[in-house]
A.B. asks: 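Before we start, here is the structure in question, set down as structure tokens.
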Amino acid sequence: MWSTPSDMARFLIAVMDAYAGRSDSVLSPAMAREMLTPQIESHGLGPGVFDEGGDRFYLFPDGAT
């Protein structure tokens with residue numbers, strides 16, 4: 001997939017909004033939680049996820065163009 005930094009930023013903001021229950025325009029909140037739950041090591045269903053414990057974690061798109 002080809003995208004610009006602005007495209008990626010808008011997508012990641014939409015995913016985080018869904019995760020927080022503020023929007024369901026891109027993903028449902030339940031799907032966003034599933035997507036951002038580490039499945040294999042530090043990877044969710046798509047992005048990498050680093051959990052700092054508590055309510056803080058980081059995600060990153062782990063791909064290349």
Side-chain angles (χ1 to χ4, degrees):
M1 167 176 59
W2 290 94
S3 61
T4 66
S6 296
D7 293 336
M8 289 301 296
R10 282 191 292 274
F11 174 72
L12 292 173
I13 289 168
V15 170
M16 294 305 295
D17 282 347
Y19 182 87
R22 292 188 294 260
S23 175
D24 63 359
S25 64
V26 173
L27 294 172
S28 69
M31 180 55 76
R33 284 190 296 276
E34 184 74 19
M35 181 178 176
L36 299 179
T37 298
Q39 305 291 325
I40 299 173
E41 296 177 9
S42 63
H43 286 79
L45 300 176
V49 179
F50 291 113
D51 190 349
E52 286 198 343
D55 63 350
R56 295 192 62 157
F57 68 92
Y58 299 93
L59 67 124
F60 62 95
D62 192 21
T65 55

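No experiment lies behind these values; they were computed from the predicted model shown. What you see below is based on every heavy atom in this structure, not just the backbone, and it leaves out hydrogens, waters and symmetry mates.
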A.B. asks: Which value, rounded to the nearest 0.5 Å, describes the distance between Ile13 atom CD1 and Arg22 atom CZ?
C.D. replies: 10.0 Å
A.B. asks: Would you say Asp7's side chain and Thr4's backbone share a donor-acceptor pair under 3.5 angstrom?
C.D. replies: yes
A.B. asks: Where do Pro29 and Asp24 come nearest, in terms of heavy atoms and distance?
C.D. replies: CD-CB, 4.1 Å
A.B. asks: Can you tell me how far CG of Leu27 sits from CG of Asp17, rounded to the nearest 0.5 angstrom?
C.D. replies: 11.0 Å
A.B. asks: Once you round to the nearest 0.5 Å, how far does OG of Ser28 lie from CE of Met35?
C.D. replies: 11.0 Å
